[in-house]
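Below is one structure, written out as structure tokens, with a few remarks after it.
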2 protein chains.
Amino acid sequence: MTVTIYDVAREANVSMATVSRVVNGNQNVKPSTRKKVLEVIERLEYRPNAVARGLASKKTTTVGVIIPDISNNIYAEAARGIEDIATMYRYNIILANSDQNEEKELSLLDTMLGKQVDGIVMMSDAVTDKLHQSMKHSPVPIVLAGSVDDTNEFPSVNIDYFQASYEAIQLLLNNGHKRIAFLSGPLAYTINSKYKLEAYKKVLQDAGIEVDEQLILSEESSYDSGIEAWETFSSLDNPPTAFFAGSDELAIGIIHGAQDHGKKVPEDIEVISFEDSKLARMVRPKLTSVVFPLYDIGAVAMRLLTKIMNKEKVEEKEVILPHRIETRQSIKL
Amino acid sequence: MTVTIYDVAREANVSMATVSRVVNGNQNVKPSTRKKVLEVIERLEYRPNAVARGLASKKTTTVGVIIPDISNNIYAEAARGIEDIATMYRYNIILANSDQNEEKELSLLDTMLGKQVDGIVMMSDAVTDKLHQSMKHSPVPIVLAGSVDDTNEFPSVNIDYFQASYEAIQLLLNNGHKRIAFLSGPLAYTINSKYKLEAYKKVLQDAGIEVDEQLILSEESSYDSGIEAWETFSSLDNPPTAFFAGSDELAIGIIHGAQDHGKKVPEDIEVISFEDSKLARMVRPKLTSVVFPLYDIGAVAMRLLTKIMNKEKVEEKEVILPHRIETRQSIKL
DNA sequence: TTGAAAGCGCTAACAC
DNA sequence: GTGTTAGCGCTTTCAA
């Protein structure tokens with residue numbers, strides 16, 4: 001059947017403790033012994049059983065990743081960042097989709113803790129009280145990636161969403177626009193309601209422009225929603241001339257909606273997005289967009305997690321990555 | 001510390017076997033006993049240790065997923081399909097990226113087998129001999145998703161790439177084109193070299209058109225490659241008037257390349273793709289594309305895997321899903 | 001430098 | 001219906 005550490009020990013005429021030592025790179029093994037054991041391992045094609053090891057050592061070298069939806073490019077980027085760093089530190093990843101559903105998030109947390117993951121990277125667009133409570137009860141560290149928890153009780157990696165949004169909208173203001181629409185993703189998501197929307201209000205206010213609720217729309221973050229939103233906005237008595245979109249798909253929807261109705265971008269309307277996925281360069285005009293560096297966020301979050309799991313001290317538990325705006329043709333330069 | 005099955009047993013005045021029974025839903029427990037145990041479990045917040053369970057039962061209820069690159073939309077779709085079905089059957093997923101690198105594939109296989117996964121879903125665009133050998137040695141079932149192995153020794157889920165490509169190119173032929181280019185993804189990938197390219201040659205041949213090697217280009221499957229390919233093709237003495245692209249990004253690259261040079265699609269050139277990701281509807285003109293149903297392929301592959309892990313008999317180990325072409329504006333109707 | 005032995009927390013006979 | 005017990009394959013003291 002499967003060959004165990006015991007088989008190797010017997011064949012090599014040593015104890016299983018010694019085999020364990022060579023497998024784990026323990027230095028207290030005479031070179032000749034090590035060589036002998038290694039040969040037997042090779043010959044028998046011995047492969048350590050990570051489950052047994054996990055039970056004995058209480059470490060599984062796997063981390064849980066809870067993500068809203070892996071088929072959504074933005075989260076997939078983050079997942080890649082997480083996985084790359086995990087691999088670098090020899091961790092494997094248990095990946096699961098929550099669909100941003102609290103119940104699933106809770107149950108996934110539980111499942112993963114049951115599987116004895118050594119840590120968890122959590123992406124959640126809305127950290128509810130219940131979720132917050134469950135996370136606090138976790139026996140292993142959890143870091144939030146691209147997700148905000150109002151209480152700042154968890155290590156996290158983000159950018160300054162408020163400031164980034166503020167700057168983006170300011171670009172539109174600088175181009176002379178007075179009627180700027182904000183097409184947001186779901187306002188149930190903290191980043192949208194607490195940062196992007198607040199920034200939108202603040203920047204207009206700072207510019208002495210009154211906020212017109214008609215210019216604020218919250219939709220599911222999809223291409224079709226973008227197209228529909230354009231219809232809605234453009235049929236207003238005093239339609240907007242510039243748009244701040246919560247995501248690339250939303251932005252592209254607006255642009256195509258406009259173009260399909262004979263409008264020119266950026267001549268007639270200007271659009272700026274918040275995401276900068278690879279889609280941004282694949283439309284005409286190419287999108288100007290706040291860069292949401294999900295790969296980096298994932299990678300840094302995972303790195304942070306390794307430190308915490310490793311009980312290294314970390315100076316800042318709430319990492320704010322620098323943000324920037326990628327300027328392209330969807331706004332006038 | 002952490003509460004174990006033993007703690008529950010003690011508190012409930014039963015043996016750990018009884019606790020194990022109620023946890024596992026075994027019917028041979030008196031309702032009153034079950035109730036008592038359940039209460040204690042609740043009170044103590046007992047959470048079964050899946051690692052211990054895995055060691056004892058030799059089942060981990062987790063499956064490995066080896067994928068070229070999760071940040072690539074097409075694979076992410078597949079991953080989502082896999083995960084959805086896995087969840088449905090109470091499996092978790094260990095996800096890892098291979099970057100289509102044989103060495104990584106081999107090492108990932110090994111790692112996952114070490115972690116005692118109950119099965120593996122493998123996506124590989126090029127099943128090399130070495131990989132094939134390793135897979136054959138696996139103690140747990142492996143199913144290929146959207147990936148072909150020449151020998152047909154593994155269960156797999158695919159569409160009929162040859163036939164689908166044949167039909168797609170035929171559409172171009174029917175529209176009167178004689179100069180049809182094939183912009184392929186890497187020819188190192190079996191699907192590209194063995195099916196798409198062969199179909200391209202065959203369909204031309206069947207139409208009495210000689211294959212012009214100048215009209216065949218193989219590039220990395222990216223938007224930029226598509227744009228570059230357009231440059232190459234359009235500078236030919238007798239440039240192509242229609243294009244069969246191996247992926248949506250390639251197709252969009254061609255279209256934008258053409259449009260940026262004043263060509264109209266589909267009036268001046270026609271383009272048909274092979275993928276049909278959500279990108280297909282997000283370009284103007286929208287892409288006509290062979291549908292590569294990755295979500296379904298992933299889902300069916302995972303379902304197939306559950307059957308095999310469960311030792312149910314499966315009638316067909318090589319599933320060929322139906323294919324279809326989504327007709328949109330990038331070709332004349 | 002090496003070995004013996006006690007678990008890790010659970011499942012699965014087997015007995016009662 | 002319930003309890004006893006022997007592992008599952010490994011890590012980790014503790015001795016030698």
Side-chain angles (χ1 to χ4, degrees), chain A residues 1-38 40-41 44-62 90 110-111 113-118 139-140, chain B residues 1-38 40-41 44-62 90 110-111 113-118 139-140:
Chain A
M1 283 299 301
T2 62
V3 8
T4 73
I5 200 173
Y6 187 75
D7 300 318
V8 176
R10 184 166 27 74
E11 288 288 313
N13 289 311
V14 295
S15 70
M16 50 186 294
T18 298
V19 178
S20 176
R21 286 187 188 99
V22 346
V23 167
N24 291 296
N26 187 315
Q27 288 308 304
N28 296 330
V29 182
K30 203 188 341 170
S32 64
T33 310
R34 175 186 310 281
K35 184 155 174 293
K36 186 173 54 175
V37 172
L38 252 15
V40 176
I41 287 178
L44 266 40
E45 297 188 347
Y46 167 69
R47 176 190 293 133
N49 180 324
V51 172
R53 182 183 291 194
L55 183 58
S57 69
K58 296 179 165 307
K59 286 193 185 338
T60 55
T61 65
T62 107
R90 324 221 87 89
D110 214 56
T111 306
L113 293 176
K115 296 231 167 170
Q116 311 301 117
V117 295
D118 295 337
V140 300
Chain B
M1 284 297 301
T2 62
V3 8
T4 72
I5 199 173
Y6 187 77
D7 300 319
V8 176
R10 183 166 28 71
E11 288 289 312
N13 289 311
V14 296
S15 71
M16 49 185 296
T18 297
V19 177
S20 176
R21 286 188 188 99
V22 346
V23 166
N24 292 296
N26 186 317
Q27 287 310 302
N28 296 330
V29 182
K30 205 188 340 175
S32 65
T33 311
R34 176 188 308 283
K35 185 155 173 293
K36 186 174 55 177
V37 172
L38 252 14
V40 176
I41 286 178
L44 266 42
E45 297 188 347
Y46 167 68
R47 176 188 292 133
N49 181 323
V51 172
R53 182 184 291 195
L55 184 59
S57 70
K58 298 182 166 304
K59 286 193 185 338
T60 54
T61 64
T62 108
R90 325 220 88 88
D110 214 56
T111 306
L113 293 177
K115 297 231 166 171
Q116 311 301 116
V117 295
D118 295 337
V140 299

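Proteins come first, then strands; the chains are lettered A, B, ... in the order of their sequence lines, and each starts at number 1.
We find that CZ of B:Arg10 is positioned 14 Å from C1' of C:dG9, with the value rounded to whole Å. If you take CG of A:Asn26 and P of C:dT1, they are 10 Å apart, rounded to a whole angstrom. Per the geometry, NZ belonging to B:Lys59 stands 13 Å off C1' belonging to C:dA12, to the nearest Å. Here the P atom of nucleotide C:dC14 and the CG atom of B:Asn28 are 16 Å apart, to the nearest Å. At whole-Å resolution of the value, CG in B:Asp7 and P in C:dG9 are 9 Å apart. For the pair A:Lys36 NZ and C:dT2 C1', the computed distance is 11 Å after rounding to whole Å.
Under the 4.5 Å side-chain criterion, counting only non-hydrogen atoms from C-beta, B:Thr4 is not in contact with B:Asn49. The shortest side-chain heavy-atom distance between B:Arg53 and B:Asn24 falls under the 4.5 Å cut-off.
Contact check, B:Thr33 against D:dT2: a side-chain N or O comes under 4.0 Å of OP1 or OP2.
In this structure, A:Tyr46 and A:Val3 approach most closely via the heavy-atom pair CD1-O, 3.4 Å.
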Exercise for the section: For each nucleotide in nucleotides 4-16 of chain D, reading 5' to 3', give B when a protein heavy atom comes within less than 4.0 Å of its base, S when such contact involves only the sugar-phosphate, and - otherwise. Expected result: B--BBBBBB----
Practice task
Kindly indicate, with the supporting measurements, whether the criterion side-chain contact (heavy atoms from CB on, under 4.5 Å) is fulfilled by A:Thr62 and A:Lys115.
Solution key: CA-CA 9 Å; A:Thr62 107; A:Lys115 296 231 167 170; over 6 Å; no
Practice task
Evaluate the side-chain contact (heavy atoms from CB on, under 4.5 Å) criterion for residues B:Val14 and B:Lys36: first the C-alpha distance (whole Å), next the side-chain angles of each, then the deciding distance (0.1 Å), finally the verdict.
Solution key: CA-CA 9 Å; B:Val14 296; B:Lys36 186 174 55 177; 4.1 Å; yes
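One N or O on the side chain of A:Gln27 and one on the backbone of A:Gly25 form a donor-acceptor pair closer than 3.5 Å.
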